[in-house]
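Since the model is a prediction, treat every value here as computed from it, not as a measurement. The first residue in the sequence is number 1, and the count goes up from there.
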Amino acid sequence: MAVTVEAVQAALSSFVDPNTQKDYVSTRAVKNLKVDDGKVSFGIELGYPAKTQIDSIRAAVVDAVKAVPGVTGVEASVSMKIVAHAVQRNLKPLPGVKNIIAVASGKGGVGKSTTAVNLALALSAEGAKVGLLDADIYGPSVPQMLGLTGQQPESEDGKTMAPMQAFGLQAMSIGFMVDIDSPMVWRGPMVTQALEQLLSQTNWQDLDYLVVDMPPGTGDTQLTLAQKVPVTGAVIVTTPQDIALIDARKGFKMFEKVGIPILGLVENMSIHICSKCGHEEHIFGHGGAERMAQDYGAELLGALPLELEIRELTDAGKPTVVGAPNSRAAEIYRAIARRVGVKIAERAKDMSSKFPNIVVQNT
């Protein structure tokens with residue numbers, strides 16, 4: 001029986017991507033499909049990072065095509081192509097950065113910075129080029145979390161800085177430039193100016209994603225980010241506790257008002273599992289982030305447990321994704337990272353580079 005392209009496409013359309021829950025034909029992920037006397041070759045191009053799943057995806061699509069009557073051989077490749085996506089109106093993507101992800105919370109103490117660092121590391125573990133910007137000028141924690149305390153960035157031209165490097169991440173923080181014990185006694189305008197300089201004067205190198213660890217609240221820094229920084233989307237971090245959810249809702253609404261899409265919610269400290277007996281207990285309540293997601297039509301990206309190891313590894317400068325890569329928590333972070341990548345990939349692409357600059361001159 002002669003094998004047709006249509007038959008192969010039908011087989012591929014029956015396989016659903018484990019991360020997008022859509023087939024590869026309708027999403028136009030199938031590339032260079034060729035059929036030659038029973039031999040089939042094609043590629044699958046993912047728009048999000050999923051390095052840890054490439055082998056399983058490839059095996060699954062090969063098996064699907066092998067089941068087509070008449071197929072005698074299958075050659076398939078799975079690759080990733082991450083592109084720049086649309087940002088707020090009148091803003092263009094930052095040079096050297098395709099997509100900016102703001103990680104925010106309505107209040108402090110919910111594990112936002114821990115989530116931001118592990119999200120960045122998880123995106124990197126899934127094959128993306130990732131940067132991390134610590135936008136919390138008053139309380140920078142990224143240097144400690146990445147094991148870079150006491151180190152300073154270098155500048156070749158005296159105007160721009162090279163980002164610090166840790167675990168494959170490019171990182172920048174005001175904490176690299178001030179003493180760890182020195183308080184930042186600055187007014188709002190100085191803080192926003194510092195944030196703009198950290199963002200624009202860092203020589204980010206070809207990043208797929210720049211994760212921005214936002215300070216808690218809805219003040220000057222958040223407004224500066226919304227008005228002047230090309231943000232692709234925001235992730236809201238909360239705990240199940242009612243008090244935390246009240247402020248998380250305010251943060252959610254703030255991003256909506258300034259035109260930044262919400263990629264989803266992360267529920268931190270969702271459940272505590274006793275390290276001695278294994279007893280599970282919802283210390284901060286149960287299902288709060290899920291209810292909030294339903295109320296606002298958002299996605300709950302994942303729920304993380306309250307674990308001693310997460311805190312210990314982060315304090316030691318080796319966050320969970322790199323300090324305990326085979327742990328349950330690390331897998332949750334990687335699953336969240338893949339969903340964030342998918343949510344961004346589903347957004348409209350940035351087309352600003354496709355249009356020429358028009359200059360009017362008097363002659």
Walk me through whether Val65 and Phe42 qualify under side-chain contact (heavy atoms from CB on, under 4.5 Å). CA-CA 10 Å; Val65 174; Phe42 61 92; 3.8 Å; yes
Tell me, please, which residues at least two apart from [X] pass side-chain contact (heavy atoms from CB on, under 4.5 Å).
X: Ala345; answer: none
X: Ser56; answer: Gln53
X: Pro261; answer: Arg347

Crowded around [X] [atom1]? As in, over 12 foreign heavy atoms under 6.0 Å?
X: Gln201; atom1: CD; value: yes
X: Gln21; atom1: CD; value: yes
X: Ile283; atom1: CD1; value: yes

Can you give the donor-acceptor pairs under 3.5 Å from side chains of residues 262-272 to other protein atoms, not counting sequence neighbours?
residue, atom, partner, partner atom, Å
Glu267, OE1, Ser270, OG, 2.8
Glu267, OE2, Ala289, N, 3.0
Asn268, ND2, Val110, O, 3.0
Asn268, ND2, Gly111, O, 3.4

Ionic contact status for Arg328 with Glu331, cut-off 4.0 Å: no
So that I can tick it off, tell me whether Asp315 and Arg311 are bridged by a salt bridge, with the cut-off set at under 4.0 angstrom between side-chain N and carboxylate O. yes
Mind running side-chain contact (heavy atoms from CB on, under 4.5 Å) on Val340 and Val235 for me, showing each step along the way? CA-CA 8 Å; Val340 168; Val235 173; 4.1 Å; yes
Derivation and outcome, side-chain contact (heavy atoms from CB on, under 4.5 Å), residues Trp204 and Gln170: CA-CA 7 Å; Trp204 305 108; Gln170 300 175 36; 4.0 Å; yes
Give every residue pair that meets the salt bridge (charged side-chain N to carboxylate O under 4.0 Å, His left out) criterion with at least one member in residues 37-47, sequence neighbours excluded. none
For the backbone of Val229 and the side chain of Gln88, can you confirm whether one donor and one acceptor N or O come within less than 3.5 Å of each other? yes
With distance as the sole criterion, is a donor-acceptor pair present between the side chains of Thr160 and Asn203 under 3.5 Å? yes
Asp17 and Tyr48 side chains, donor-acceptor separation under 3.5 Å: yes
Give the minimum heavy-atom separation between Val68 and Ala11, together with the two atoms involved. CG2-CB, 3.5 Å
Could you check Glu346 against Lys22 for side-chain contact (heavy atoms from CB on, under 4.5 Å), going step by step and ending with a plain yes or no? CA-CA 11 Å; Glu346 290 176 344; Lys22 299 176 182 178; 3.7 Å; yes
Donor-acceptor list for residues 121-142 side chains, cut-off 3.5 Å, not counting sequence neighbours:
residue, atom, partner, partner atom, Å
Glu126, OE1, Lys51, N, 2.9
Glu126, OE1, Thr52, N, 3.0
Glu126, OE1, Thr52, OG1, 3.0
Glu126, OE2, Thr52, OG1, 2.8
Glu126, OE2, Arg338, NH1, 2.7
Asp134, OD1, Asp136, N, 3.2
Asp134, OD2, Ser141, N, 3.0
Asp134, OD2, Val142, N, 3.1
Asp134, OD2, Ser173, OG, 3.1
Asp136, OD1, Gly139, N, 3.1
Tyr138, OH, Trp186, O, 2.6
Ser141, OG, Ser113, OG, 3.4

